[in-house]
Structure formats: structure tokens, C-alpha cells
Novice: 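Handing you this structure, nothing more for now.
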Amino acid sequence: MYNTITLATCSLNQWALDFQGNYERILQSLRIAKERGAVYRLGPELEISGYGCNDHFFEADTYLHSLEVLAKLLVAEEAQDILVDVGMPVVHRSARYNCRVYFYNKRILLIRPKLFVAMNGNYREGRWFMEWKKLRQTEEFNLPGILRKVTGQSSVPFGDGVIAASDVTIGSEICEELFTPRSPHIAMGLDGVDIFTNGSGSHHELRKLNVRLDLIKAATSRVGGVYMYANHQGNDGERVYYDGCALIALNGQILAQGTQFSVDEVEVVTATVDLGDIRTYRGSLISLGQQATSQQAYPRFELDRTLCHTPEARRHPTRPIEVHIHTPAEEIALGPACWLWDYLRRSGLGGFFLPLSGGIDSSSTATIVHSMCVLVTESIAAGNEQTLSDLRRIVNNPEFIPSTSADVANLIFHTMFMGTTNNSAQTRASAKELATQIGAFHWDVNIDAVVTAIIKLFTTITGKTPQYKVHGGTNAENLALQNIQARFRMILAYMFGSLAPWIRGLPSRGLLVLGSANVDECLRGYYTKYDCSSADINPIGGVSKVDLKMFVRYAAEHYKLTALAGILEAPPTAELEPITAEYTQTDEQDMGMSYEELSVYGRLRKHQKCGPYSMFCKLTDLWHDKLDVSEIAEKVKFFFRMYSINRHKTTTLTPSYHAESYSPDDNRFDLRPFLYNSAWTWQFRKIDHTVRRMQVLGTDAAVDLPSEPVTEDEAELDLD
């Protein structure tokens, strides 16, 4: 008996509201799938409209144009003689749904709405879409005229059902449903569904891929079957990067895996599966058979044909592979680089401008641009015509073909060291050396004259001249003098971002100004509002300092950028205060905490949902072997004080690549007030009270405290 079937899933670089481009990429994926002999093609979530439409999902136009694209797909030659599964928004009985649409040879078989919408982290699907509450039930969906003309159907099934061909049954779950406690694939597996499909819109986050992989493998190891996973891949207009990695799994093993990061717009992943392996595997699971006898059946909608290969066309089944998971350093090198490329080619601008200070942060941004140039050059060398066409359009040269990544960087990447007397010769030299190794067009300038002019203007107006702290000035004077330098760098960056192409005789389309504030400094508020951290986009705004150091170490070796070695060794410093024999400014001294401590605070605040008191209790466990409880208390209080007085800065954060799960991004990921009572009176008093109790009881862990006082001394303590 011959039971092999060839299946195709894909990663598409869709763009919100780019209906024409989205349509063309879907067609291309269908074309490739059919060339490889696939009889079923799965695409990403909401691939017709693009996932990131956000409040455009409130607009009737979004649904109209999605229907128009679906009508074109139904009649497209590429969509004939293959079972097609596309994602799109649909309005049914006055409610909006995030749906899968199955069709075969111009006939719609089923519209399957999402059962559980994503409402955590960056996801806000419940703002736009309803959940389908009628499990294993369907209704009739009245087709609009544009689809009736194409299909000859007046209505089609809408709801929680599955597709049953003559020889195989296919059922959907959509993105978030894989992550829920009662994932649909369990009930479908017990009901005999052979293939589970997941059209997803899942974004990249450092160290996240293994979670997704584990869930997919577990899904089919528990109930057997095939699991197909499709995803977007790219920047569809937001702060996130959808990280592809289309997959096909069988009985707990991965058969095929696509790339996680790529500048290609379409990637199709195929595998041939022997359905007999599913039945054999399930037959060995006695408990599965017992539970299947009581499983409520899914409505089945027939596709009256076989999808398996005929004996003459039978293919060898695909063998399991070893899964590839990038290291965090590789993720930082590749994810933000692909995100930048999408932003650049879709913005219509001519390149990037970066204030390059010679420190780790701006050097990391520069290195990510270098990685982008490497990826683009490699894609062109591999014959990707789309990448070459995009690059030629950006540089306005229809004949341009790069030989090296430096050829690309020299035309699209501009850097500038904006020095003052407070900068060291080392950082100036490091910036120039790194720019040279990357191939960027670099300027080395001094801005002392402008800083001096602003101070003179202030003195003329007020009759007072502010001084740095090392020269006897107050903290207010010291900060004001630092901020003058920082803010003028932002002004100069935008001026050169507008005029750099004109200066060089290149097409004058302007440049995207890049920022370089890391996630820890954003959390702590250790940056100047409206300084050169204010930019158009920031590729490292979601990456911690600890991870950036790891990335720079990796990049120095992987990309042979020897300048990074010296940058890595230098202590992080803003270089905004004068250097004296007794004093050299450093970031950690300024912040009053280390970057390692900031990462801990960030994860406890976001992951563990800790307020001041809960964080203190957690840290008495984590740090009991190195700090006294009173020291821990002071550190926690200092962090929350600094966090709260600087939270207002997050309202103006440059749009940043989302990479870290404790990002303080105020746009949608971390929704909190920006005006706090920074005294935290009640919370800090509770911490102080607990410290005194711990000292009386002689314990070093707050969680070990009894709920009631146990000594007279302790009983005398209260919250007053």
C-alpha cells in the first residue's frame, strides 16, 4: 500500500497592507511548492493582508482588499490542482475573525476562524478579532458576490472543522493555539486527524526558538501525526522581526526546517511523509486508543480526491534531521540585520547614518549593519534577483553588482565620530578603524566650538557659567553640560542624515539615522532624552549590555573585525565629562549599578512580575551569599527610584528591534505609567520592615519569614 504524500509550508516576507506584493509572494510560494511535487501548501497567519495591520483591521477596506486577493488566488494557474491554505481576516455575522481559508480548484472547502487569540507581550489580537467559541461546530458563511462569481458557491462552511480527502485528514490550529494549555491538535489527533497545520505570525525573541520547537515536537510525540508550521519572515512594518523557521515534523521528529533569518522574500520547505508511519505510531499508544473512543468528532468537509502519490509516482519519505538553533550571538548578528534590510528597502531612503562613538553600543550597531551588508552580498552571489534589484534601487545604479560587503557599505553606510575634549584618543581611533574595516564612509569631527558657543550664549543671557562636577559644579550643572554635547550630536546626526548623499554626489534621498541605546540603559533611564539615542530606528534597543558584549566578542572573530577587540576591552563610558588624573567617567559608576544587575532587575520586573517588595524577596534568595539583606534592600530601592523618575523617557524611545523579553518599550510591550510616585512610600517601608524582621530572626531569605511575629522584639516592629 502506497501512502506517501508531499507537503509544503513556507516563510513569506509579507508587508502590512501591501496586497499586491503579498499576492505575488503567495503565488511564488505556490509555484515552488508545485514544482517540488507538493499537493498541499500552508502559508503564514494573515498572509493576505499582512499580520501587522493593527488598527487597520478596523477598516472595511482591509477586508475588501483581502477578499479581492482571495478571488485572484482562486483563479490563478499556480493555485490549481493543489490544496491551498491561506490566512486572512474575515467578517462573519458582524464579527471580525482571524481565519484560515482552504480551497481547491476554485472551490472554498472551509473557513476556519482562530479559537484563541494572542493577547500577551506584543500581541493585541483581541483588540481586532473575536474568538470562535463554538468548538467542533460550523455555520454557513454567505459568500460575497466577488467570490460567488469565481467559485459558483453561495455559501461555505465557517467554523471549527477539518478537511477530509479520500486518504488523509487535515486540521488547523493557528499560532497561539499551539501555546495554549488545551491545544486543538490533541483533540484532532484523538479524532484521527493525520496532519496538523499552523499558519503562524510569531516574532523573534532571543532564546525563544527552542520553546517553539519543543512544543511542535511534543505535539506529535503525544498523539502522533504530522505537524506543519508556517511563519512570516521579515519586518512587516513594526518593531518586531518575524523569524520564519518553517517546519515539518512527524511523530516527534523534525523532517524539514527552514531558515530563521534571511533576506529572501519567499522560502518553501517540503517533505514527503508516509502516512502509514502515523498509523503505526498511534497504534502503539494504547492510552491514545482508549481516549480516542470517547473523543467528540470534528465536522469533516470532504475533498473528493486522493492526495497521496500513486504507486508509479511514489517518493521516498523524508528522513529526520538534526534541528539547527542559532546561538544568541548569531541571533543578534542576523535578526536585526534582516530587520534593517527590510526597513531600508521599503522606506525608499538611500542608506544609514550612525553617530559612531567607538564604544560597545554604537559599534554593535555598526557591526549589525556590516552583517546586513554581508547577507545582502551573499544573497546576490547566490542569484537572488530581488535582493539585487532592491540594492540597485537604493544606490540608484541599475548596473551595480557588489563584489564584497564593503562595496555595499561604502554606498549606503555613513558614520561620524563627534568628538569633544572629553573624548579619548582611543575611542576616536577605534571608531575610525571599525568604520574602515566595515567599508563605511566615515567622518571624524570635533564639536567643541558648538558646545562652547551654546555655553557662551547661556552666560550672556544669565550671567552665570555652569561648571563640571570635577571643577566644582553642582550635579545640575554637570548634567546640563553633558546634555549639551549629547543633544547637539542628535542635531548633527539628522543634518548629515539629510545631506550626506548630497555631499558625496549621491542620489539625495536622505538616510535613516540609527540609534544605539541598549535595553538596560533604557530600563534604567541612563541616556539623555533627545540625544543621539533619538533616531529613526535602533537595532540594539532590545538587547542587553551583557548580550552585546557576547555579540561583539563573537563578531570580532566571525567577521574578522579586529577593531572590536580593543572596543570590547575598554570600560563603557559616555565620555561627557572631563578626564582628570583622579576621575574617569564610566557608565556603571554613573548608573550606580552594574549591567549584570540591571539584567536581573529587568527580568524580575517583567518576567516574574515583581514590584519593589517582591523583587527584594526574590533577591534575598539569589544574592544571599554575596550581599547583606540591607544592601539588597538599598539596591532594590535605588533601582526602582531611578526607573520611576526616568520612565517618562520611554515614551519617546526610538522604535527598536524587539529582542529581549524584558524590554521596557512603552509602545505596546510594556504598558505602565510614566509618572510615578518615585518615593514608593508604602512599598519601601514594607521592605525596611522586612529587613528589620530578618535581622531580628537571623535569616537571610525573606521567604523564610514566619507569617506571625515569633519574638517580643519582632512583635514590636510594624509598618510605621
Side-chain angles (χ1 to χ4, degrees), residues 9-16 22 43-47 49-54 57 87 98 114 116-129 174-180 198-216 229-247 258-263 265 267 325-326 328 330-343 346 368 519 537-544 547 606-607 653 655-671:
T9 183
C10 60
S11 296
L12 302 183
N13 195 335
Q14 305 296 72
W15 190 8
N22 294 347
E45 185 174 12
L46 297 168
E47 60 185 306
S49 60
Y51 184 85
C53 296
N54 297 339
F57 285 124
N98 175 349
K114 195 168 186 176
F116 310 110
V117 299
M119 282 297 293
N120 60 304
N122 285 298
Y123 295 102
R124 293 289 182 274
E125 290 178 15
R127 178 177 172 89
W128 310 295
F129 300 116
I174 305 175
C175 197
E176 176 72 8
E177 295 170 10
L178 170 64
F179 297 85
T180 57
N198 191 323
S200 184
S202 185
H203 64 73
H204 173 239
E205 201 169 84
L206 289 172
R207 305 171 178 89
K208 174 185 171 183
L209 179 61
N210 63 306
V211 176
R212 191 190 305 162
L213 288 169
D214 289 345
L215 286 170
I216 290 172
Y229 178 84
N231 196 13
H232 294 270
Q233 185 171 55
N235 172 3
D236 82 336
E238 292 195 277
R239 290 160 168 79
V240 297
Y241 176 84
Y242 297 96
D243 61 338
C245 203
L247 293 165
T259 59
Q260 188 176 9
F261 309 105
S262 174
V263 296
E265 289 200 327
E267 181 180 36
I325 298 179
H326 288 288
E330 291 171 336
E331 291 183 85
I332 297 169
L334 298 173
C338 294
W339 184 76
L340 283 180
W341 173 244
D342 281 344
Y343 203 108
R346 288 172 169 171
I368 288 169
V519 72
I537 50 175
N538 179 1
I540 68 164
V543 185
S544 72
D547 282 343
K606 185 68 176 176
H607 292 186
L653 275 180
S656 300
Y657 179 96
H658 177 84
E660 183 54 74
S661 56
Y662 67 86
S663 167
D665 174 28
D666 185 70
N667 175 256
R668 73 189 304 177
F669 184 73
D670 190 48
L671 305 181

Novice: Would you say Thr9's side chain and Tyr229's backbone share a donor-acceptor pair under 3.5 angstrom?
Specialist: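 Flag set: sc Thr9 to bb Tyr229 pair under 3.5 Å.
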
Novice: Could you tell me whether the side chain of Thr180 and the main chain of Glu177 form a donor-acceptor pair under 3.5 Å?
Specialist: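 Here the side-chain-to-backbone pair exists.
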
Novice: If you compare all heavy atoms of Ser661 against all heavy atoms of Lys606, which two are closest, and at what distance to 0.1 Å?
Specialist: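 For Ser661 versus Lys606, the nearest heavy atoms are O-CG, 3.2 Å.
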
Novice: With Glu238, which residues qualify under side-chain contact (heavy atoms from CB on, under 4.5 Å), at least two apart?
Specialist: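 Once residues adjacent in sequence are excluded, the partners of Glu238 under the side-chain contact (heavy atoms from CB on, under 4.5 Å) criterion are Asn54, Asp236, Val240, Tyr242, Arg668.
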
Novice: Does the side chain of Leu340 reach to within under 4.5 Å of the side chain of Ile537, using non-hydrogen atoms?
Specialist: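 Yes, at least one pair of side-chain atoms sits under 4.5 Å.
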
Novice: So, taking the atom named CZ in Phe116 and the one named CG in Asn98, what distance separates them when rounded to the nearest 0.5 Å?
Specialist: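 Output value for this atom pair is 13.5 Å.
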
Novice: Is it the case that the side chain of Asn235 and the backbone of Cys338 share a donor-acceptor pair, with hydrogens and angles ignored and the cut-off at 3.5 Å?
Specialist: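 Side chain of Asn235 to backbone of Cys338, a donor-acceptor pair under 3.5 Å: no, none is there.
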
Novice: If you measure from CD1 on Ile325 to CG on Asn210, what distance do you get to the nearest 0.5 Å?
Specialist: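 Those atoms lie 5.5 Å apart.
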
Novice: I need the Leu46 CG to Phe129 CZ distance, nearest 0.5 Å.
Specialist: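 That separation rounds to 5.0 Å.
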
Novice: What pairs with Glu125 under side-chain hydrogen bond (donor to acceptor under 3.5 Å, both in side chains), at least two apart in sequence or on another chain?
Specialist: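 Result, side-chain hydrogen bond (donor to acceptor under 3.5 Å, both in side chains) vs Glu125: Tyr51, Lys114.
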
Novice: Specify whether His204 and Phe261 have parallel, tilted or perpendicular ring planes, treating 30° as the upper limit for parallel and 60° as the lower limit for perpendicular.
Specialist: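 The rings of His204 and Phe261 stand perpendicular, inter-plane angle above 60°.
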
Novice: So, His658 and Glu205: side-chain donor and acceptor under 3.5 Å apart, yes or no?
Specialist: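 Present: a donor and an acceptor within the cut-off.
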
Novice: If only side-chain N and O atoms count, and only distance matters, is there a donor-acceptor pair under 3.5 Å linking Arg212 with Asn198?
Specialist: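 Not at all, the side chains of Asn198 and Arg212 share no donor-acceptor pair under 3.5 Å.
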
Novice: Looking only at heavy atoms, which two atoms of Glu45 and Cys175 are closest? And how far apart?
Specialist: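 So the minimum-distance heavy-atom pair works out to OE1-CB, 3.2 Å.
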
Novice: On a heavy-atom basis, which atom in Gly201 and which in His232 lie closest, and how many Å separate them?
Specialist: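 Smallest heavy-atom distance, with atoms named: CA-CD2, 3.8 Å.
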
Novice: Return the minimal non-hydrogen interatomic distance between Leu209 and Cys245, and the atom names on each side.
Specialist: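 Smallest interatomic distance, heavy atoms only, reads CD1-SG, 3.8 Å.
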
Novice: For Glu176 and Ala118, indicate whether the former's side chain and the latter's backbone hold a donor-acceptor pair under 3.5 Å.
Specialist: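 No, Glu176 side chain to Ala118 backbone: no donor-acceptor pair under 3.5 Å.
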
Novice: Can you give me the closest heavy-atom contact between Asn538 and Trp339, atom names plus distance?
Specialist: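 Shortest heavy-atom separation between Asn538 and Trp339 comes out as O-CZ3, 4.0 Å.
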
Novice: Please identify which of these residues, Gln260, His326, Lys208, meets the side-chain hydrogen bond (donor to acceptor under 3.5 Å, both in side chains) condition with Asp243.
Specialist: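 One option only clears the test, and that one is Gln260.
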
Novice: Per the side chain to side chain contact (heavy atoms under 4.5 Å, CB included) rule, which among Leu206, Ile540, Val519 passes with Asp547?
Specialist: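 That would be Leu206; it is the only one of Leu206, Ile540, Val519 passing the side chain to side chain contact (heavy atoms under 4.5 Å, CB included) with Asp547.
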
Novice: Between the side chains of Glu267 and Thr259, is a donor N or O closer than 3.5 angstrom to an acceptor N or O?
Specialist: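 Result is yes, a qualifying pair exists.
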
Novice: What heavy-atom pair brings Gln14 and Arg346 nearest, and what distance separates the two atoms?
Specialist: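 Of all heavy-atom pairs spanning Gln14 and Arg346, the closest is O-NH1, 3.7 Å.
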
